[in-house]
2 protein chains.
Amino acid sequence: MKHAHTHDLEHDLLAAAQWCAKRGEKLTDQRREVLALLLSAQGSMKAYDLLAEIQKQRPTAAPPTVYRALDFLVTAGLAHKLESKNAFVACCDFEHPHHGLMLICDRCHKVTELSDERLAARLAEDAAGHGFSVAAQDIEVRGLCRNCRDGDTKGAA
Amino acid sequence: MKHAHTHDLEHDLLAAAQWCAKRGEKLTDQRREVLALLLSAQGSMKAYDLLAEIQKQRPTAAPPTVYRALDFLVTAGLAHKLESKNAFVACCDFEHPHHGLMLICDRCHKVTELSDERLAARLAEDAAGHGFSVAAQDIEVRGLCRNCRDGDTKGAA
DNA sequence: CCAAAGACGTTATGTTATAACATCTAATGC
DNA sequence: GCATTAGATGTTATAACATAACGTCTTTGG
């Protein structure tokens with residue numbers, strides 16, 4: 001089980017590195033490490049939690065270490081910031097531009113990222129009707145995921 | 001001009017007080033003062049900017065003073081928190097429950113609040129398709145308002 | 001009046017994020 | 001190769017955002 005998981009992780013990291021290369025950027029060790037933590041996390045992670053993990057390997061790491069990596073990952077489309085939680089999550093499909101719709105479970109904290117271009121289009125249309133040009137949209141929805149709604153008792157932190 | 005503006009503000013504050021009373025709550029002086037600041041603001045305001053304004057009258061006011069008022073106003077539906085800016089804005093129509101779609105201008109910082117129930121329904125439908133029950137949604141869109149997009153040079157801060 | 005609940009005062013602290021500047025590293029041109 | 005330079009990182013300090021905790025006051029209902 002751990003093996004399969006590791007394999008997926010390595011695969012994702014490789015794809016991310018290639019994605020960066022395509023953009024003329026580099027997935028450095030620090031960026032890779034932060035991305036690996038996000039990919040391995042069950043849900044989103046806070047910057048200072050990431051920092052604590054990084055510090056296990058690199059005791060001298062400081063806040064800028066992780067914030068720089070996060071800025072890079074978010075700008076590159078490899079991760080998203082969840083504004084309503086001040087937390088970060090790996091992007092589910094960074095190779096395809098999409099408008100993320102984040103379903104954030106308030107109980108188990110897992111995040112499901114959907115993409116609905118028609119929803120995004122409707123939103124842009126509403127905005128345009130008011131003379132507003134959309135540059136970025138961030139739809140975050142709080143609620144309960146299927147497991148937690150159905151009374152699952154294992155998901156809670 | 002100032003007269004009309006003051007009149008509107010008083011009207012809004014009165015309506016807000018009545019709204020609170022209907023809910024069995026009170027719009028106290030501090031809450032009213034914070035709401036008045038939000039209503040008078042051109043765009044959103046930060047908690048510590050509100051605090052600075054409050055301190056002009058009440059030099060001993062501290063962060064909890066303003067955060068308590070803001071928590072109350074947001075819970076009562078009289079204000080919204082803009083998660084992507086860590087800022088607060090008065091609700092445009094607190095008497096009618098609605099799903100706000102916030103158009104936030106990145107240049108002049110004005111906020112236009114729309115309500116599109118069909119958009120909200122579509123969003124809830126997407127979520128339900130993944131077994132997710134929506135509890136709260138916060139749609140924040142960043143971009144440029146009509147004036148700023150059209151090259152207005154007066155709106156910038 | 002008395003008790004309970006809610007609002008507020010006050011101090012301290014926790015949490016999130018960035019400024020500023022030094023140093024290191026890697027790609028580029030010569 | 002070697003200098004240049006842009007990008008990345010190290011490091012210290014601090015700014016910006018938010019809440020915990022506890023005491024007091026005020027209102028309200030019994």
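Atoms considered below: every heavy atom in the structure, side chains included; atoms not considered: hydrogens, waters and symmetry mates. The chains referred to below are lettered A, B, ... by the order of the sequence lines, with proteins before strands, and numbering in each begins at 1. Please read all numbers here as calculations on a predicted model, not as lab measurements.
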Practice task
Check A:P63 against A:Y48 and note the closest heavy-atom contact, atom names and distance.
Solution key: CG-OH, 3.4 Å
Practice task
Starting from the first five and the last five pairs of the helix from C:dC1-D:dG30 to C:dC30-D:dG1, work out the angle between the resulting helix axes, to 10 degrees.
Solution key: 30°
Practice task
Determine yes or no for a side-chain-to-main-chain donor-acceptor pair under 3.5 angstrom, with A:R149 supplying the side chain and B:G131 the backbone.
Solution key: yes
Handout entry: Side-chain H-bond candidate by donor/acceptor type, B:E117 with B:H98, under 3.5 Å
Key = no
Exercise for the section: Could you tell me from which nucleotide to which nucleotide of DNA chain D, 5' to 3', there is an atom under 4.0 Å from chain B heavy atoms? Expected result: D:dC17 to D:dT27
Residues 65-76 of chain A, side-chain donor-acceptor partners within the protein, below 3.5 Å, at least two apart:
residue : atom : partner : partner atom : Å
A:T65   : OG1  : A:A62   : N            : 3.1
A:T65   : OG1  : A:A62   : O            : 3.1
A:T75   : OG1  : A:D71   : O            : 2.8

Exercise for the section: Using heavy atoms to find the nearest nucleotide of DNA chain C for B:E25 and B:A61 separately, return the residue whose nucleotide is more 5′. Expected result: B:E25
Exercise for the section: Identify the heavy atoms of A:C91 and A:G77 that sit nearest to each other, and give their distance. Expected result: CB-O, 3.4 Å
Problem - Strand contacts (DNA chain C) in residues 45-58 of chain B, 4.0 angstrom heavy-atom criterion - result: B:R58
What pairs of nitrogen or oxygen atoms, one from the protein and one from nucleotides 23-29 of chain C, lie under 3.5 Å apart?
none

Exercise for the section: Send over the distance from B:L27 CG to C:dG6 P, rounded to a whole Å. Expected result: 17 Å
Fill in the blank from the handout: Between B:T28 and B:N86, whichever has its closest DNA chain C nucleotide further toward 5' is B:T28
Problem - Donor-acceptor side-chain pairing of B:H96 and B:D93 below 3.5 angstrom - result: yes
Exercise for the section: Check whether any side-chain heavy atom of B:C20 lies under 4.5 Å from a side-chain heavy atom of B:L78, and answer yes or no. Expected result: yes
Practice task
Look up atom SG in A:C148 and atom CZ in B:F132, then write down how far apart they are to the nearest 0.5 Å.
Solution key: 9.0 Å
Practice task
Could you tell me whether B:K56 and B:E53 have a side-chain N and a carboxylate O separated by less than 4.0 Å?
Solution key: yes
Handout entry: Euclidean distance, A:R31 CZ relative to A:K26 NZ, rounded to 0.5 Å
Key = 8.0 Å
Practice task
Can you sort out which residues in residues 66-79 of chain A have a heavy atom within less than 4.0 Å of DNA chain D? Ascending by number, please.
Solution key: A:R68
Completion exercise
Test side-chain contact (heavy atoms from CB on, under 4.5 Å), reference B:L123, set A:L123, A:D116, A:L119, output is A:L119
Fill in the blank from the handout: dist A:L101:CG -> A:Q137:CD (nearest 0.5 Å) comes out at 9.5 Å
Problem - No-hydrogen, no-angle side-chain donor-acceptor test under 3.5 Å, B:H80 and B:E113 - result: yes
Completion exercise
Output for pair (A:I139 CD1, A:L114 CG), nearest 0.5 Å, gives 10.0 Å
Exercise for the section: Please work out if B:K81 contacts a base, only the sugar-phosphate, or nothing of the nucleic acid, heavy-atom cut-off 4.0 Å. Expected result: sugar-phosphate
Practice task
Using distance alone, with no hydrogens and no angle criterion, decide if B:E83 and A:S84 have a side-chain donor and acceptor under 3.5 Å apart.
Solution key: no
